[in-house]
Amino acid sequence: MEHTRTHSPSRRPAADGSVRAKKALGQHFLTDESIALRIVDALTGLTPHVLEIGPGMGVLTKYLYSKEGIDFHAIEIDHESVDYLHAHYPGLHVIEGDFLALDPSALFAQPFAVIGNFPYNISSQILFKVFDNRNRVPEVVGMFQKEVAERVAAQPGSKTYGILSVLLSAFYDIEYLFTVHEHVFNPPPKVKSAVIRLRRNAVTALECDENLFVRVVKTGFNQRRKTLRNALRQLDTPLDAVPERFLSLRAEQLSVSDFITITQSLS
Ligand code: SAH
């Protein structure tokens, strides 16, 4: 009957008790334990407080939550996964909720590291949230779709260099660790994945108005084919004080310190 059909079979746990992957939640479960271990081992321990985003069935979690000397929490949006985690990892503290809506200060009084095989549909939003919390997040280890990982780790002059590359590299040392093939996931994603690590650098504050810096970077890349002279018109601020050598360049050609110089000249 139609009625029983719409009572979606995908809502029921699979026969073996595992969680059925839900596409809308970006669920692709990692099935390769050696890769899970490499990811967990990539955390350098800058802080004992650790938050995992999207543990799913716990392929990373099981190596993390019982570690000596670690204060571990996880946040997972999927009710079925949360049930699974409670059943399989007694004592694990997992919050059922949306990481993007989480107030991290309610969870951690201390700086905390972020780890995960992240839901790819919200990769950029996770990274912008890390940027906003840069003074509370000393380290991030995570798997993203390869293209996003490359974008974050990109250097000036490369085609993939963009807003997140500049904003994050202003405050983090970024390493592209390794590429992961789609066949180690269930179900396999359409794209390759990659693991990156971000570690907070020594910069406490940029030598410019940081809010304006963010606006300049975003506006510059908003029309990335245009020279800065044209792209930055949108700021509605006179560009007279901006050094001439930058105005004929495009955002993708500029380093973090170039953007800082430009921001200084605008204030
Ligand atoms: N880490 C697991 C699962 C990866 S799939 C593994 O490697 O196998 C991504 C996970 O993120 C899923 O479990 C999904 O339910 C969860 N997720 C998706 N959106 C989320 C959000 N906004 N907040 C927290 N978790 C989320």
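Numbers here simply count residues along the sequence, with the first being 1. Note that ligands are numbered from 1 as they come in the structure, with each ligand's atoms numbered from 1 the same way. As the structure is a prediction and not an experimental result, all values here were calculated from the model. Hydrogens, waters and symmetry mates play no part in the numbers below; they use all other heavy atoms, side chains included.
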Using a strict threshold of under 4.0 Å (side-chain N to carboxylate O), is an ion pair present between Glu244 and Arg229?
yes
Can you check whether Tyr65 and Phe72 have ring centres sitting under 6.0 Å from each other?
no
Are any of the side-chain nitrogens in Lys62 or Glu33 under 4.0 Å away from the carboxylate oxygens of its partner?
yes
Does even one non-hydrogen atom of Ile75 get within less than 4.0 Å of ligand 1?
yes
Tyr120 versus Lys190: any side-chain heavy-atom pair under 4.5 Å?
no
Identity of the nearest option to atom 14 (C) of ligand 1, non-hydrogen atoms only, from Glu80, Gln125, Glu52, Glu76
Glu76
Min heavy-atom dist Ile122 to ligand 1 below 4.0 Å
yes
Under 3.5 Å between any N/O of Asp98 and any N/O of ligand 1: does that happen in this structure?
yes
Looking at Lys192 and Glu147, is any side-chain nitrogen of the basic one under 4.0 Å from a carboxylate oxygen of the acidic one?
no
For ligand 1, is there an N or O atom under 3.5 Å from any N or O atom of Pro119?
no
Is it true that Ala101 lies under 4.0 Å from ligand 1, counting heavy atoms only?
no
For atom 12 (C) of ligand 1, which protein heavy atom lies nearest, and how many Å away is it?
Gln27 CG, 3.4 Å
Should Leu30 be counted as touching ligand 1, given the test is an N or O pair under 3.5 Å?
yes
Identity of the nearest option to atom 6 (C) of ligand 1, non-hydrogen atoms only, from Ile35, Asp32, Thr31, Val59
Val59
Determine yes or no for a side-chain-to-main-chain donor-acceptor pair under 3.5 angstrom, with Arg200 supplying the side chain and Arg134 the backbone.
yes
The one among Gly97, Gly54, Gly26 that brings a heavy atom closest to atom 1 (N) of ligand 1:
Gly54
Heavy-atom contact under 4.0 Å between His28 and ligand 1?
yes
